[in-house]
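Just so it is clear, the model here is predicted, and its values are computed rather than measured. Each residue takes its place number in the sequence, starting with 1.
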Amino acid sequence: MSRIHEALKKAEQERAVSQGGSAQPGFTMPEASEPPMRTMQEEPPVTAVTGVPAGGVPLTSAMPSFASPFSLDALLARCPQLEWKPEEKTMLFFNGDDTARGTEEFRTLRSRLYHTREKMTLKKLLVTSALPKEGKSFTSANLAQVLVRQHGRRVLLIDADLRGPRLHMMLGTTSSPGLSDYLQGRSDEFSIMQRGPMENLFFIPSGDEISDPAELVANGRLKFLLQRVEALFDWIIIDSPPAVPVSDASVLAKTCDGVLMVVRSNATPIDMARRAREEFPDQALVGVVLNGTDSDSIPYSRYYYAAYGKNVTDSKS
């Protein structure tokens with residue numbers, strides 16, 4: 001009888017397995033609607049913005065999960081303070097000389113931006129130019145410096161020119177980790193941000209050199225970064241590549257509230273200035289900085305005013 005009982009029990013188990021039942025206690029066969037089991041070599045799909053798998057479980061690689069809250073206390077605790085060595089010739093506000101050539105022009109620019117801010121939302125400002133070597137990085141860095149000179153104002157300066165970064169050299173600091181590392185998912189926002197001797201001025205350098213900057217700035221992660229950090233800053237100044245040779249500036253402008261165009265006196269061809277102007281919607285361009293002027297070239301500001309149809313601030317570098 002025992003052999004007959006064992007045979008019947010075995011037959012019952014085999015029938016249960018064939019019908020999707022339990023093969024042995026404690027193990028449940030997957031339903032037909034469940035996805036196939038993932039092999040060790042497969043990776044879950046990743047969303048373009050957050051770096052989190054589609055199922056909602058953070059990756060175990062270096063991709064940041066953004067689980068930690070971004071607060072001022074966290075920023076001050078985790079943002080490294082470095083010993084910057086700014087260029088004395090180009091960084092106008094680090095030496096404490098408020099009468100240096102060019103400082104008054106940047107105060108004027110600051111005032112005009114605040115006047116514009118009364119009429120529109122303006123916190124994230126892109127600074128660009130038509131061509132290289134027209135002074136956009138000089139303008140970005142000194143504008144950030146003059147903005148934090150006002151008591152309690154906190155400013156984030158970002159070097160988004162991944163093709164020819166200059167800001168880290170002007171400020172006398174390291175270039176990485178930086179923006180490119182964040183956009184590739186290798187670093188979080190705390191590790192790429194640094195601060196130096198000037199209170200309330202924070203800086204994100206360009207990061208490691210990359211081969212595909214256009215694709216990287218368009219992958220959606222910069223917009224997510226700005227959404228994460230903008231509540232902690234009064235201004236975010238973004239230095240971009242020139243607008244005519246490459247497409248980066250027009251892509252970056254979509255993540256900002258306004259665009260400030262820099263043109264160089266007696267250097268920027270008017271046709272290039274007009275082409276750069278056409279890269280941005282009318283409402284995006286908030287003003288023009290005429291750089292490299294002297295007492296003999298001030299009348300040229302009228303020339304660029306006619307070309308752009310916007311307010312012009314003279315600056316010298």
Taking the six-membered ring for Trp, are Phe138 and Phe106 ring centroids under 6.0 Å apart?
-> yes
Measure from NZ or CZ of Arg221 to the centre of the six-membered ring of Tyr182 and say whether it is under 6.0 Å with the direction within 45° of the ring axis.
-> yes
Hey, is NZ on Lys123 packed in by over 12 heavy atoms from elsewhere, all under 6.0 Å?
-> yes
Side chain Glu134, main chain Leu131, donor-acceptor under 3.5 Å | yes
Can Arg195 be said to sit on top of Phe202's aromatic six-ring, NZ or CZ under 6.0 Å from centre and within 45° of the ring axis?
-> no
Taking atom types as modelled, find out whether Glu105 and Thr108 have a side-chain donor-acceptor pair closer than 3.5 angstrom.
-> no
Give a yes or no on whether a salt bridge exists between Asp188 and Arg78, defined as a side-chain N under 4.0 angstrom from a carboxylate O.
-> yes
To the nearest 0.5 angstrom, please state how far the CG atom of Asp239 sits from the CG atom of Asp159.
-> 5.5 Å
Answer yes or no: does atom CD of Gln150 have more than 12 heavy-atom neighbours from other residues, nucleotides or ligands under 6.0 Å?
-> yes
Count the heavy atoms belonging to other residues, nucleotides or ligands that lie under 6.0 Å from CZ of Arg107, then report whether that count exceeds 12.
-> yes
Any side-chain heavy atom of Leu143 within less than 4.5 Å of one from Leu113?
-> yes
Whether Thr128 side chain and Val262 backbone form a donor-acceptor pair below 3.5 Å | no
To the nearest 0.5 angstrom, please state how far the CZ atom of Arg186 sits from the OG atom of Ser176.
-> 9.0 Å
For salt bridge (Lys or Arg N to Asp or Glu O under 4.0 Å), just list the numbers for Arg277 and Asp282, CA-CA rounded to whole Å, side-chain angles, deciding distance to a tenth of an Å, and then say yes or no.
-> CA-CA 8 Å; Arg277 168 68 184 83; Asp282 290 341; 2.4 Å; yes
Do you know the tightest heavy-atom contact between Leu222 and Leu183?
-> N-CD2, 3.6 Å
Can you tell me if Asp181 uses its side chain to pair, donor with acceptor, with the backbone of Pro177 under 3.5 Å?
-> no
Heavy-atom pair with the smallest gap, counting every atom of Ala243 and Ala249 | CA-CB, 4.0 Å
Linking I/L/V/M/F/W/Y whenever their side-chain heavy atoms sit closer than 4.5 Å, directly or via other members, would Ile158 and Met169 fall into one cluster?
-> no
Drop me the distance from Leu125's CG to Ile237's CD1, to the nearest 0.5 angstrom.
-> 4.5 Å
Given the rule that I, L, V, M, F, W and Y join up when any side-chain heavy atoms are under 4.5 Å apart, are Leu76 and Ile236 in one cluster?
-> yes
Say you draw a straight line from CZ of Arg154 to CG of Asp234; how long is it, rounded to the nearest 0.5 Å?
-> 6.5 Å
CD of Glu199: more than 12 outside heavy atoms within 6.0 angstrom?
-> no
Tell me whether Val246 is reachable from Met261 by hopping between hydrophobic residues (I, L, V, M, F, W, Y) whose side-chain heavy atoms are closer than 4.5 Å.
-> no
Residues Leu167, Ser206; criterion side-chain contact (heavy atoms from CB on, under 4.5 Å); working and verdict = CA-CA 8 Å; Leu167 288 179; Ser206 60; over 6 Å; no
I would like to know whether Arg153 and Leu147 meet side-chain contact (heavy atoms from CB on, under 4.5 Å); could you show each step before the answer?
-> CA-CA 7 Å; Arg153 301 295 184 182; Leu147 287 169; 5.6 Å; no
May I ask you to check whether Asp97 and Thr99 show a side-chain donor-acceptor distance below 3.5 Å?
-> yes
Does the side chain of Thr103 come within less than 4.5 Å of Val146's, by heavy atoms?
-> no
Measure the shortest side-chain to side-chain distance between Ser240 and Asp161 over non-hydrogen atoms and say whether it is less than 4.5 angstrom.
-> no
Between Thr268 (side chain) and Arg264 (backbone), is there a donor-acceptor pair under 3.5 Å?
-> yes
Take atom CD in Glu83; do more than 12 heavy atoms of anything else shown fall under 6.0 Å from it?
-> no
Over all heavy atoms of both residues, which pair between Gly196 and Trp84 is shortest? Give the atoms and the distance, please.
-> N-CZ2, 3.3 Å
Hey, does Leu216 have a side-chain heavy atom less than 4.5 Å from the side chain of Ser180?
-> yes
When you check the gap from the basic side-chain N to the acidic O, do Asp248 and Arg163 get nearer than 4.0 Å?
-> yes
